[in-house]
Peer 1: 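Next up is a structure, given as structure tokens.
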Amino acid sequence: MDYSAHFHREIVAFEQAARGAADGADAPLIPSCPDWTMSDLVLHLGGVHRLVARVIRERLDRQPDITDATLFELPEDRDGWSAPTGGPHHGPVPVSLVDWFAEGAARLEALFRSEDPGLAVWTWSAERTAGFWLRMQTIEAALHRWDAERAVGGRARPIEPDLAVDAVTQTFEVMAPARRAWREAPPGAGERFRFRRTDGPDLWTVRFDGAEVRLTTGAADEDTEGASQDVELAGTASDLMLFLWQRLPADRLDKVTGDRAVLDRYFTLVPPV
């Protein structure tokens with residue numbers, strides 16, 4: 001997959017949504033991130049981009065000090081900008097904030113295109129490469145583009161299918177194990193979930209076994225495991241991704257069958273982190 005091309009499209013679309021909100025009116029709330037307005041969302045994503053760019057540009061092997069204000073290359077004039085913590089912060093979205101975001105996003109894109117994805121750098125994951133950040137930030141850009149479009153128009157374009165398919169896989173390869181460790185989740189007892197894509201052949205079977213998240217992928221016509229799952233969920237690739245990233249409730253999917261108590265134990269819709 002050409003992650004760089006996806007990253008470019010998503011950050012351009014995110015910037016368009018943010019500029020549409022920088023119209024002098026009060027910053028719109030982000031329905032899918034209830035503690036944020038558009039200003040908070042732009043500041044968040046722009047800050048992440050600059051942190052990742054510093055890591056890759058300087059080949060850092062450890063997390064940079066996020067209390068160091070120089071990390072984020074903030075302009076001197078930040079009149080009307082939201083605070084880095086707390087929220088939601090109301091008031092108009094500053095055009096200068098969107099400009100700052102666009103500059104940082106373009107610089108990160110240039111790094112992604114010029115650096116070897118195998119370059120060894122710090123990440124919060126077991127995979128410590130620049131390629132990890134390219135994949136992660138492409139998914140995050142798509143997710144927050146969806147957030148921003150929903151805030152300004154009430155409707156958001158779906159995530160592109162091939163990126164959404166990869167994001168579902170990445171959720172169970174990377175995000176689910178990390179989130180369970182961060183939150184000190186109780187060990188799994190073999191609970192099994194089946195995710196079926198309705199706009200393509202993809203199928204994911206996930207088992208929570210102790211501290212492990214075990215993933216099997218394939219196509220629906222290759223499924224030989226019968227009805228052994230506790231819960232089965234079916235939806236478009238985009239909707240499955242958005243469900244797993246806590247943007248859509250299960251009831252918005254095409255089909256959910258099985259033990260809803262088990263589903264809620266693992267996938268309760270809560271405000272995203």
Peer 1: Would you call Phe101 and His49 a side-chain contact if the rule is heavy atoms closer than 4.5 Å?
Peer 2: yes
Peer 1: Distance alone, cut at 3.5 Å: any donor-acceptor contact between the side chains of Glu173 and Gln170?
Peer 2: no
Peer 1: What are the two closest non-hydrogen atoms of Asp147 and Cys33, and how far apart are they?
Peer 2: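 Looking at all heavy atoms of both residues, the closest pair is OD2-SG, 3.8 Å.
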Peer 1: Is the ring pair Trp133/Trp122 parallel, tilted or perpendicular, if the boundaries are 30 and 60 degrees?
Peer 2: tilted
Peer 1: So that I can tick it off, tell me whether Arg196 and Glu232 are bridged by a salt bridge, with the cut-off set at under 4.0 angstrom between side-chain N and carboxylate O.
Peer 2: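 So Glu232 pairs with Arg196 through a salt bridge.
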Peer 1: Can you list the steps and then say if Val231 with Thr257 is a side-chain contact (heavy atoms from CB on, under 4.5 Å)?
Peer 2: CA-CA 6 Å; Val231 181; Thr257 58; over 6 Å; no
Peer 1: Would Val98 end up clustered with Leu29 when hydrophobic side chains under 4.5 Å apart are linked, directly or stepwise?
Peer 2: no
Peer 1: Is there side-chain contact between Thr123 and Thr129, with heavy atoms separated by less than 4.5 Å?
Peer 2: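 SC-SC contact between Thr123 and Thr129 ruled out.
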Peer 1: Looking at Arg59 and Glu115, does any basic side-chain N land under 4.0 Å from a carboxylate oxygen?
Peer 2: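 Here Arg59 pairs with Glu115 in a salt bridge, since their nearest N and O are under 4.0 Å apart.
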Peer 1: Kindly indicate whether the side chain of Leu242, heavy atoms from C-beta on, has any atom under 4.5 Å from the side chain of Leu143.
Peer 2: yes
Peer 1: Under a 4.5 Å cut-off applied to non-hydrogen side-chain atoms, are His89 and Leu43 in contact?
Peer 2: no
Peer 1: Do you know the tightest heavy-atom contact between Ala148 and Met38?
Peer 2: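 Reported closest heavy-atom pair: O-CE, 3.7 Å.
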Peer 1: Under the side chain to side chain donor-acceptor pair (under 3.5 Å) test, which residues partner Asp162, sequence neighbours left out?
Peer 2: His6
Peer 1: Is the distance between the ring centroids of Trp124 and Phe132 less than 6.0 Å?
Peer 2: yes
Peer 1: Would you call Glu127 and Arg135 a salt bridge, taking side-chain N to carboxylate O under 4.0 Å as the test?
Peer 2: no
Peer 1: Would you please test Phe112 and Phe7 for side-chain contact (heavy atoms from CB on, under 4.5 Å) and show each step?
Peer 2: CA-CA 9 Å; Phe112 282 150; Phe7 183 79; 4.1 Å; yes
Peer 1: Quiz question: by atom type and distance under 3.5 Å, do the side chains of Trp245 and Ser32 form a donor-acceptor pair?
Peer 2: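 The answer is no; no qualifying pair exists.
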Peer 1: Would you check if Ile56 and Leu119 make a side-chain contact, meaning some heavy-atom pair closer than 4.5 Å?
Peer 2: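 Heavy-atom side-chain distance check passes, below 4.5 Å.
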Peer 1: Kindly give the heavy-atom pair with the smallest separation between Ala130 and Asp116, and that separation in Å.
Peer 2: CB-O, 3.8 Å
Peer 1: Does Arg157 come within less than 4.0 Å of Glu149, counting only side-chain N to carboxylate O?
Peer 2: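 Salt bridge between Arg157 and Glu149, a charged N being under 4.0 Å from a carboxylate O: yes.
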Peer 1: Is a salt bridge present between Glu191 and Arg265, judged by a nitrogen-to-oxygen distance below 4.0 Å?
Peer 2: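 Yes.
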Peer 1: Does the side chain of Thr169 come under 3.5 Å of the side chain of Asp166 through a donor N or O and an acceptor N or O?
Peer 2: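 On atom types as modelled, these side chains do not qualify, holding no pair under 3.5 Å.
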Peer 1: CG/Leu215 to OG1/Thr205 distance, rounded to the nearest 0.5 angstrom?
Peer 2: 8.0 Å
Peer 1: Looking at CG of Asp209 and CZ of Arg214, how far apart are the two atoms once the value is rounded to the nearest 0.5 Å?
Peer 2: 4.5 Å
Peer 1: Check Ala234 against Leu253 and note the closest heavy-atom contact, atom names and distance.
Peer 2: O-CB, 3.5 Å
Peer 1: On a heavy-atom basis, which atom in Trp204 and which in Thr217 lie closest, and how many Å separate them?
Peer 2: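 Heavy atoms of Trp204 and Thr217 come nearest at CD1-CG2, 3.6 Å.
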Peer 1: Taking the six-membered ring for Trp, are Phe267 and Phe243 closer than 6.0 Å centroid to centroid?
Peer 2: yes
Peer 1: Would you say Leu97 and Ser39 make side-chain contact, with heavy atoms under 4.5 Å?
Peer 2: yes
Peer 1: With side chain to side chain donor-acceptor pair (under 3.5 Å) as the test, would you mind laying out the steps for Ser96 and Trp81 before giving the verdict?
Peer 2: CA-CA 9 Å; Ser96 62; Trp81 286 38; 2.9 Å; yes
Peer 1: Mind checking whether Phe195 and Asp202 have side chains closer than 4.5 Å, heavy atoms only?
Peer 2: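 SC-SC contact between Phe195 and Asp202 ruled out.
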Peer 1: Got a donor-acceptor contact below 3.5 angstrom from the Asp40 side chain to the Thr37 backbone?
Peer 2: yes
Peer 1: Flag the pair Arg192 and Asp230 as a salt bridge only when some basic side-chain nitrogen lies within less than 4.0 angstrom of an acidic carboxylate oxygen.
Peer 2: no
Peer 1: Determine the minimum heavy-atom distance between Ala102 and Arg19, stating which atoms define it.
Peer 2: CB-NH2, 4.2 Å
Peer 1: Could you check whether Arg113 pairs with Asp2 (Lys NZ or Arg NE/NH1/NH2 to Asp/Glu carboxylate O, under 4.0 Å)?
Peer 2: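 A salt bridge is absent here (no side-chain N lies under 4.0 Å from a carboxylate O).
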Peer 1: Could you walk me through whether Glu212 and Arg207 pass the side-chain contact (heavy atoms from CB on, under 4.5 Å) check?
Peer 2: CA-CA 8 Å; Glu212 300 295 321; Arg207 182 176 178 180; over 6 Å; no
Peer 1: Please round to the nearest 0.5 Å and tell me the distance separating atom CG of Asp35 and atom OG1 of Thr85.
Peer 2: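 Answer rounded to 0.5 Å: 12.0 Å.
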Peer 1: Do other residues, nucleotides or ligands put more than 12 heavy atoms under 6.0 Å from the CD1 atom of Ile66?
Peer 2: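 At most 12 heavy atoms, drawn from other residues, nucleotides or ligands, come within 6.0 Å of this atom.
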Peer 1: What distance do Glu140 atom CD and Phe14 atom CZ have between them, rounded to the nearest 0.5 Å?
Peer 2: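 So the CD of Glu140 and the CZ of Phe14 are separated by 9.5 Å.
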Peer 1: Start with the C-alpha gap between Arg252 and Asp239, add the side-chain angles, then the distance that decides, and say whether salt bridge (Lys or Arg N to Asp or Glu O under 4.0 Å) holds.
Peer 2: CA-CA 8 Å; Arg252 289 281 302 277; Asp239 283 354; 5.7 Å; no
Peer 1: CZ/Arg179 to CG/Leu244 distance, rounded to the nearest 0.5 angstrom?
Peer 2: 8.0 Å
Peer 1: Where do Leu71 and Leu51 land on the side-chain contact (heavy atoms from CB on, under 4.5 Å) test, with the steps shown first?
Peer 2: CA-CA 6 Å; Leu71 176 67; Leu51 183 151; 4.2 Å; yes
Peer 1: Determine whether Val95 and Ile11 fall in the same hydrophobic cluster, where Ile, Leu, Val, Met, Phe, Trp and Tyr are linked whenever their side-chain heavy atoms lie under 4.5 Å apart.
Peer 2: no
Peer 1: Can you name the residues that form a salt bridge (charged side-chain N to carboxylate O under 4.0 Å, His left out) with Arg128, not counting sequence neighbours?
Peer 2: none
Peer 1: Is the shortest heavy-atom distance from the side chain of Asp79 to the side chain of Pro94 under 4.5 Å?
Peer 2: no
Peer 1: Salt bridge or not for Arg197 and Asp199, using N-O below 4.0 Å?
Peer 2: yes
Peer 1: To the closest 0.5 Å, what do you measure between CE (Met175) and CZ (Arg180)?
Peer 2: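 Taking CE in Met175 and CZ in Arg180, the distance rounds to 13.5 Å.
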